[in-house]
Every structure is written in structure tokens, then in C-alpha cells.
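Remarks on the structure that follows.
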Amino acid sequence: MTNILADSVTSKIQAPSAFIPPTPKETDLSVYTVVITGASAGLGKEASFQLLRLGIKTLIIGVRNLAKGYDVRSSLLADPEISHRNPTAVIKVLPLDLEDYSSVICFADKVRQETEELDVLILNAGINLGHFEKCRATGHERFLQVNYLSNALLALLLLPTLKQTKPKQNHHPTIAWVGSIALSLNSVTKSPVPKGRSILTTYDDPTHFSRLFRYSDTKFFVALFIRQLAELWPLHAGPCDNGNVVINNVCPGTVVTTADNHLPFYLRIPMNVHRLIRGRSVLEGGRTFVYAATVAGVESHGGFISCNEITPLPPNVATAEGKAFAQQLWDESIEELTKVDSRVLEALKP
């Protein structure tokens with residue numbers, strides 16, 4: 001999911017409509033088990049089609065609306081190319097509501113019951129709204145909860161399964177967390193957290209909310225979390241070792257989807273026009289997911305991928321203030337998630 005505010009930043013790196021080549025058809029994923037969240041429409045659904053056409057053995061999709069999830073499953077199974085190339089594929093639909101920690105825990109537990117191996121986890125589910133709102137189940141602001149905290153919890157709860165999965169064809173088990181180049185427009189420096197105050201508490205405060213920057217801020221949080229998590233186990237190019245997991249952050253670019261339809265009309269209209277003019281197709285957007293999850297490899301570990309290339313994070317990440325913010329965010333996030341489920345600390349052990 002991307003944001004129109006990121007357009008100027010994206011253009012400096014590479015045009016958002018830059019062509020994304022197809023994944024080679026000879027790519028063999030026939031023994032892979034993949035989990036994708038937010039797969040009931042858009043990029044998650046498209047990535048599901050592409051991965052199944054490449055032969056993955058098992059696909060588990062996490063959706064908030066089960067009826068839509070089952071419709072997607074039917075569409076996948078009815079696809080002529082999938083039925084021809086991958087007739088024995090197993091597709092499972094599980095409920096997942098990222099506004100509720102208990103739903104995240106249930107989903108993770110169900111995945112761990114369903115499979116002993118997990119080759120790829122694509123964290124695609126997220127939101128983009130134009131107003132402040134808190135989640136009833138957790139009390140956190142919705143952007144913060146859905147785009148960041150719940151996805152972080154899910155990644156950590158499934159990390160042990162990824163770690164115990166044997167590398168296949170020189171491919172480490174991989175977490176590809178969907179981000180956005182909009183993170184470059186974060187307001188962390190412009191609107192700093194008051195000294196001595198909790199970051200999570202500040203972002204739960206409606207007086208700190210900005211409809212223009214909150215999406216960017218939460219995607220910035222994602223990138224910082226991934227960097228911190230990746231530092232726990234450095235990976236190096238070469239033979240794949242058991243127990244190592246690649247985690248990266250992938251931006252699909254500006255894509256022609258309905259991702260902005262929940263915004264107010266005065267934001268929704270220009271953003272949808274922008275997508276039509278500058279955006280790449282859903283087909284190409286889905287390819288970015290497949291690339292990050294199956295091709296990018298150890299070079300992408302802890303990194304941000306845009307247009308299938310490792311891309312630098314905003315300059316404020318490297319400053320003393322940026323490093324202190326990243327560490328505080330990590331510490332607060334792990335403390336919060338450990339309270340929710342004590343298995344988080346176990347997952348972080350080497």
C-alpha cells in the first residue's frame with residue numbers, strides 16, 4: 001500500500017511506474033509453504049496467484065472477512081494455469097483481524113498447527129485511513145496497531161517455525177513485510193516525541209495524530225523494527241545455514257488498486273487519479289512481493305526494497321536522534337508484545 005505523498009520521493013529513486021520483470025517461470029517453488037496476510041484483494045491476492053503458478057505446495061491466507069477469503073480460494077483453484085501447473089496445491093483460509101492481538105495469536109497458533117515448515121511469510125495486511133480512531137480490543141490507535149504492532153507480533157510468533165524450516169534451493173526462509181516509500185515522509189523529526197515520554201503512548205494520543213503523516217510514520221516504524229530484528233542474526237552470502245531467516249521490507253510502488261477507498265473523498269479522488277496516471281499494474285506490484293520473498297536473498301536482510309532494488313532509508317535514520325528513536329521504539333515494542341504473549345522473548349533467542 002503506497003501513499004501519494006511519497007511520489008516526489010519515489011521519483012528521485014526510480015519512477016513508480018518502472019517496469020517490474022516477471023519471475024522466471026522455471027523458478028521451482030514446488031515444496032514451499034507460504035503464508036500471506038491481507039490476501040482477499042489487491043496485491044495479496046495477485047501475489048497468491050503468482051506464487052501458486054510457480055508451484056508452491058501450500059498457501060495459507062489470513063483474512064479478516066472469511067467469505068472473501070473463500071471466494072479468493074475458489075478463484076485460485078479455478079485459475080487455468082494453476083490447475084494445469086499445480087493441481088495438487090493446498091490452499092487454506094484462516095481468520096485474522098489485526099485490530100485484535102488475540103486474533104493474531106490464534107492465527108499464529110493455527111498456522112503452527114497446520115504446518116511444521118514455513119518458507120515464506122508475507123505481511124501484506126494494512127490500512128490507510130484519514131481519521132484518528134482507536135481499536136476497541138487493544139486501545140491503540142488503528143494505524144499503529146494494524147500497520148505495525150500486530151504485524152510485529154505475528155512475525156515474532158511465527159519466527160520459530162521459520163527458523164526450524166530447512167533452506168531449499170539456496171533459499172533462506174523469508175519474512176517479506178510490505179512497506180512503502182512513503183516512510184521517507186515520516187514526521188518523526190518534524191514532530192518529535194516529547195523527551196521522557198513513551199513513543200507508543202504519544203502515537204495513541206489524538207493530539208499527536210496527523211492524517212497526512214500517520215501512514216508514513218507507521219511504515220517508518222516497520223523499517224526500523226526490521227533493521228533492529230535483522231541485527232540479531234547477521235546473514236552472509238553463501239551456503240544456506242539452518243536456523244537463519246531473511247527479513248526484509250518491500251515497497252510495491254504506486255499500484256492501481258482500491259487501497260485508498262477508505263479515505264475522505266477530498267483525498268481519495270486525487271490519490272486514485274494519481275494511481276491511474278503514475279501507477280503500475282497489480283500484476284507488476286505482485287511481482288515485487290514474489291521477488292522479495294523468493295529471489296532477493298540474504299543481500300536484502302534488514303533492508304528496504306523498492307523497484308526490486310535495495311534502497312537507502314531516510315537520512316534521519318542514521319542520526320544520533322534517529323538511532324535513539326529506533327532503540328526506544330524497539331524496546332517499547334518488545335515490552336508491549338511480551339506482555340501480550342511471553343513467547344515473543346523465546347522467539348528472539350538465537
Side-chain angles (χ1 to χ4, degrees), residues 34-35 37 108 118-124 126 147-165 167 170-181 183-184 186 188 199 218-252 288-306 308-319 322-338 343-350:
V34 177
V35 169
T37 66
L118 178 57
D119 299 282
V120 172
L121 169 62
I122 299 178
L123 299 172
N124 168 61
N147 290 355
Y148 176 61
L149 288 170
S150 286
N151 276 299
L153 177 61
L154 181 56
L156 293 173
L157 291 179
L158 290 180
L159 192 53
T161 305
L162 287 149
K163 284 182 178 180
Q164 72 184 22
T165 301
N170 206 35
H171 173 268
H172 286 286
T174 299
I175 300 174
W177 191 342
V178 179
S180 172
I181 199 68
L183 63 85
S184 296
N186 71 83
V188 169
I199 294 173
T218 53
K219 291 301 182 180
F220 185 58
F221 289 4
V222 169
L224 295 180
F225 186 89
I226 285 172
R227 280 168 61 94
Q228 295 286 109
L229 182 57
E231 287 178 1
L232 295 180
W233 63 91
L235 301 182
H236 307 283
C240 288
D241 298 321
N242 289 344
N244 286 330
V245 178
V246 171
I247 177 168
N248 57 43
N249 187 198
V250 55
C251 173
T288 67
F289 287 13
V290 177
Y291 175 85
T294 66
V295 179
V298 295
E299 291 79 6
S300 70
H301 187 52
F304 179 76
I305 303 172
S306 177
N308 286 10
E309 295 182 355
I310 306 300
T311 304
L313 290 178
N316 61 339
V317 172
T319 65
K323 292 177 181 178
F325 182 90
Q327 187 62 54
Q328 182 182 346
L329 177 66
W330 171 264
D331 292 341
E332 289 186 22
S333 301
I334 297 303
E335 180 181 6
E336 159 92 2
L337 299 178
T338 301
R343 291 176 294 179
V344 164
L345 286 181
E346 188 68 25
L348 294 174
K349 292 181 180 179

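Values below: all heavy atoms of this structure, side chains included; hydrogens, waters and symmetry mates excluded. Quantities reported herein were computed from a predicted structural model and do not represent experimental measurements. Position 1 is the first residue of the sequence; numbering continues from there.
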Original post:
Does the pair Leu158 and Leu118 meet the rule for a side chain to side chain contact (heavy atoms under 4.5 Å, CB included), with working shown?
Top reply: CA-CA 8 Å; Leu158 290 180; Leu118 178 57; 4.2 Å; yes
Find the distance between [atom1] ([X]) and [atom2] ([Y]) and round it off to the nearest 0.5 Å.
{"X": "Ser333", "Y": "Leu224", "atom1": "OG", "atom2": "CG", "result": "9.5 Å"}
{"X": "Leu159", "Y": "Gln164", "atom1": "CG", "atom2": "CD", "result": "10.5 Å"}
{"X": "Leu348", "Y": "Trp233", "atom1": "CG", "atom2": "CH2", "result": "7.5 Å"}
{"X": "Gln228", "Y": "Ile226", "atom1": "CD", "atom2": "CD1", "result": "11.5 Å"}
{"X": "Asn186", "Y": "Phe325", "atom1": "CG", "atom2": "CZ", "result": "8.0 Å"}
{"X": "Glu299", "Y": "Leu235", "atom1": "CD", "atom2": "CG", "result": "10.0 Å"}

Shortest non-hydrogen contact from [X] to [Y]?
{"X": "Leu156", "Y": "Leu337", "value": "CD1-CD1, 4.1 Å"}
{"X": "Ala292", "Y": "Val250", "value": "CB-CB, 3.7 Å"}
{"X": "His172", "Y": "Val298", "value": "CD2-CG1, 3.1 Å"}
{"X": "Val120", "Y": "His171", "value": "CG2-CE1, 4.0 Å"}
{"X": "Asn249", "Y": "Val178", "value": "ND2-C, 3.8 Å"}
{"X": "Lys219", "Y": "Gly179", "value": "CD-CA, 3.9 Å"}

For a 4.5 angstrom cut-off between non-hydrogen side-chain atoms, does [X] reach [Y]?
{"X": "Ile181", "Y": "Phe304", "result": "yes"}
{"X": "Phe220", "Y": "Leu313", "result": "no"}
{"X": "Ile305", "Y": "Ile310", "result": "yes"}
{"X": "Val317", "Y": "Arg227", "result": "yes"}
{"X": "Leu183", "Y": "Pro314", "result": "yes"}
{"X": "Leu123", "Y": "Ile175", "result": "yes"}
{"X": "Thr174", "Y": "Asn248", "result": "yes"}
{"X": "Phe225", "Y": "Asn151", "result": "no"}

**OP:** Evaluate the ring planes of Trp177 and Tyr148, with Trp represented by its six-membered ring, and classify them as parallel (under 30°), tilted (30 to 60°) or perpendicular (over 60°).
**Re:** parallel
Original post:
Ignoring hydrogens and geometry, is there a side-chain-to-backbone donor-acceptor pair from Thr338 to Glu335 under 3.5 Å?
Top reply: no
**OP:** Return yes if some donor-acceptor pair links the side-chain N/O of Thr311 with the main-chain N/O of Glu309 below 3.5 Å, else return no.
**Re:** yes
Original post:
Mind checking what makes side chain to side chain donor-acceptor pair (under 3.5 Å) contact with Arg343, not counting sequence neighbours?
Top reply: Asp109, Asp341
Subject >> side chain to side chain contact (heavy atoms under 4.5 Å, CB included) evaluation trace for Leu153 with Val344 >> reply: CA-CA 8 Å; Leu153 177 61; Val344 164; 3.8 Å; yes
Subject >> Residue pair Thr165, Val245: steps toward the side chain to side chain contact (heavy atoms under 4.5 Å, CB included) verdict >> reply: CA-CA 9 Å; Thr165 301; Val245 178; over 6 Å; no
